Amino acid sequence: GGVSIVEMLYTTNLLSLVGSNEQQSSFSPRRLTIWNTNNSTALCEISFLSQIVYVRMNKQRLVVSLKDKVHIYDISNMKLLHSLEVGHSVGRFVLSPSIDNCYLVYSNDIQEGFISVYDAYALCAKAKIRAHESPIFKLSINFKGNMVATASCKGTVIRIFRLPKGERLFSFKRGMHSATVYTLNFNMNDTMLAMTSSQGTIHVFKLFDAVEQKNDDSMLSNQGPMGSNEEKPGEEKIEGGFLCCGFGMKKMVRAAASKILKSDPGEVIMDKSTCSLKTSIRNENILGIDHTDGVIYLFSGSGDYYTFELSIKDQKIVQKEHFSMFDQRLADYQLNYLLFIIQT
């Protein structure tokens, strides 16, 4: 046998499991199993006609994505509520952890950088957003379910949109050269966005000042969710939103932004992250921030575990610990808690 997809419902004892062996029906990539880890039993099994691509859960919904169709279930009774015909292959796919803003965001166009927003609770479409010129590679929803962060396959620009309508809030430049974005995560109180990429650099973007000023119309993009502002071929353009870039710099940024907006409305350039650290981690990884103590947790695909100390005041990230996932010292950590931070 083997497992290709594992999804945890917050820090509960419920897991959704998808197999990887077509030759064994119990481990088929077309079968979803809801597993109770407390008593090691299967609570529910659902089989599909084609391979399962993604599974996402929150306290209200279980969402299963196939190649060209998305099924939405009531997680309390596993009743099928609705099936979305997406028309093309589902690209990236995220479900809000919030039950108040239960939005499903997905891309289904492999040639253009559009994302679709669907209300998984009310079962209705909300918006289609042009996020990038290039195909979408990474999506992340904040814990409250009212913002989504996006990155394209080029990975040079990170954008944040307000949900559900899709107004552009922020745009950040990761770097000049293309890179594969591995992780894109908000912290729990939406003051920071962290990311990692194949370049090996950890970036943290500070959002607090911008969230504080999110109703300042003069600093928001004038364009709606379908606005384009065409980019030059082979290049991602920074656009839209009220951006923050530092400490003691707010007035300078506002003045500069005001001048830019007069000459080119809706475009404010933020050419670097608030904090960054170059590492030797080049393989795929997942990362999360604990906002209570300023610690960054990173699990690498090589089986390594890292912690970093984040100082927003000093604009600095410092590595604290590094050991193998199989190291006995890891037993001292509450893995469920760390995984919850990363998932949300």
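Fair warning: this is a prediction, and the values are worked out from it, not measured in the lab.
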Short side-chain to backbone donor-acceptor contact, [X] and [Y], under 3.5 Å:
| X | Y | result |
| --- | --- | --- |
| Thr183 | Asn285 | yes |
| Asn101 | Lys144 | yes |
| Thr156 | Ser178 | no |
| Asn187 | Met192 | yes |
| Arg174 | Gly155 | yes |
| Thr274 | Lys206 | yes |
| Asn21 | Ser28 | no |
| Thr33 | Glu45 | no |

Other residues, nucleotides, ligands: >12 heavy atoms within 6.0 Å of Lys278 NZ:
yes
Should the heavy atoms of other residues, nucleotides or ligands under 6.0 Å from OH of Tyr103 be counted, would the total exceed 12?
yes
At their closest point, which heavy atom of [X] faces which heavy atom of [Y], and how far apart are they?
| X | Y | answer |
| --- | --- | --- |
| Leu62 | Met78 | CD2-CE, 3.1 Å |
| Arg61 | Ala120 | NE-O, 2.7 Å |
| Pro164 | Ala127 | O-CB, 3.4 Å |
| Phe114 | Ile136 | O-CG1, 3.9 Å |
| Leu139 | Ser107 | CD1-N, 4.4 Å |
| Gly145 | Ser98 | N-CB, 4.1 Å |

Looking only at side chains, do Asn283 and Ser300 share a donor and an acceptor under 3.5 Å apart?
yes
Under 4.5 Å between side-chain heavy atoms, counting indirect links through other Ile/Leu/Val/Met/Phe/Trp/Tyr residues: same cluster for [X] and [Y] or not?
| X | Y | answer |
| --- | --- | --- |
| Leu123 | Val86 | yes |
| Leu287 | Val318 | no |
| Leu43 | Leu80 | yes |
| Leu81 | Leu95 | yes |
| Val181 | Ile160 | yes |

Compute the centroid of each ring, for Phe93 and then for Tyr106, and state whether the two points are separated by less than 6.0 Å.
no
Suppose we call two aromatic rings close when their centres sit under 6.0 Å apart. Are His132 and Phe137 close by that rule?
no
Atom [atom1] of [X] and atom [atom2] of [Y]: how far apart are they, to the nearest 0.5 Å?
| X | Y | atom1 | atom2 | value |
| --- | --- | --- | --- | --- |
| Ile52 | Ile46 | CD1 | CD1 | 8.0 Å |
| Leu14 | Cys44 | CG | SG | 11.0 Å |
| Thr150 | Arg92 | OG1 | CZ | 13.0 Å |
| Tyr121 | Ile72 | OH | CD1 | 13.5 Å |
| Asn58 | Ser96 | CG | OG | 6.5 Å |
| Arg168 | Arg159 | CZ | CZ | 7.0 Å |

Evaluate side chain to side chain donor-acceptor pair (under 3.5 Å) for Thr307 paired with Glu321, printing each intermediate quantity in order.
CA-CA 5 Å; Thr307 63; Glu321 295 175 299; 3.3 Å; yes
Assess whether side-chain contact (heavy atoms from CB on, under 4.5 Å) is satisfied between Val295 and Leu310, documenting all intermediate values.
CA-CA 6 Å; Val295 176; Leu310 170 64; over 6 Å; no
Taking C-beta and beyond as the side chain, do [X] and [Y] meet within less than 4.5 Å on heavy atoms?
| X | Y | answer |
| --- | --- | --- |
| Lys165 | Lys126 | no |
| Leu298 | Ile286 | no |
| Ser16 | Leu32 | yes |
| Met57 | Ile75 | yes |
| Leu163 | Val105 | yes |
| Ile34 | Leu15 | no |
| Ser20 | Pro29 | no |
| Cys102 | Gln60 | yes |

Going by an N to O cut-off under 4.0 Å, is there a salt bridge joining Lys154 and Glu133?
no
His71 vs Phe48, ring-ring contact (aromatic ring centres under 6.0 Å, His included): CA-CA, chis, key distance, verdict
CA-CA 10 Å; His71 299 289; Phe48 299 90; 5.5 Å; yes
Fit a plane to each ring of Tyr297 and Tyr305, take the angle between them on a 0 to 90° scale, and name the class: parallel (under 30°), tilted (30 to 60°) or perpendicular (over 60°).
parallel
Is there a side-chain contact (heavy atoms from CB on, under 4.5 Å) between Val63 and Tyr54 once you walk through the steps?
CA-CA 8 Å; Val63 184; Tyr54 296 104; over 6 Å; no
For Asn142 and Leu193: C-alpha separation, side-chain torsions, deciding distance, then whether side-chain contact (heavy atoms from CB on, under 4.5 Å) applies.
CA-CA 9 Å; Asn142 66 331; Leu193 177 76; over 6 Å; no
Could Lys320 and Phe308 be counted as a cation-pi pair, given that NZ or CZ must be under 6.0 Å from the ring centre and within 45° of the axis?
no
Set out, in order, the CA-CA distance, both residues' side-chain angles and the distance that settles side-chain contact (heavy atoms from CB on, under 4.5 Å) for Ser198 and Arg282, then state yes or no.
CA-CA 5 Å; Ser198 56; Arg282 294 292 192 276; 5.8 Å; no
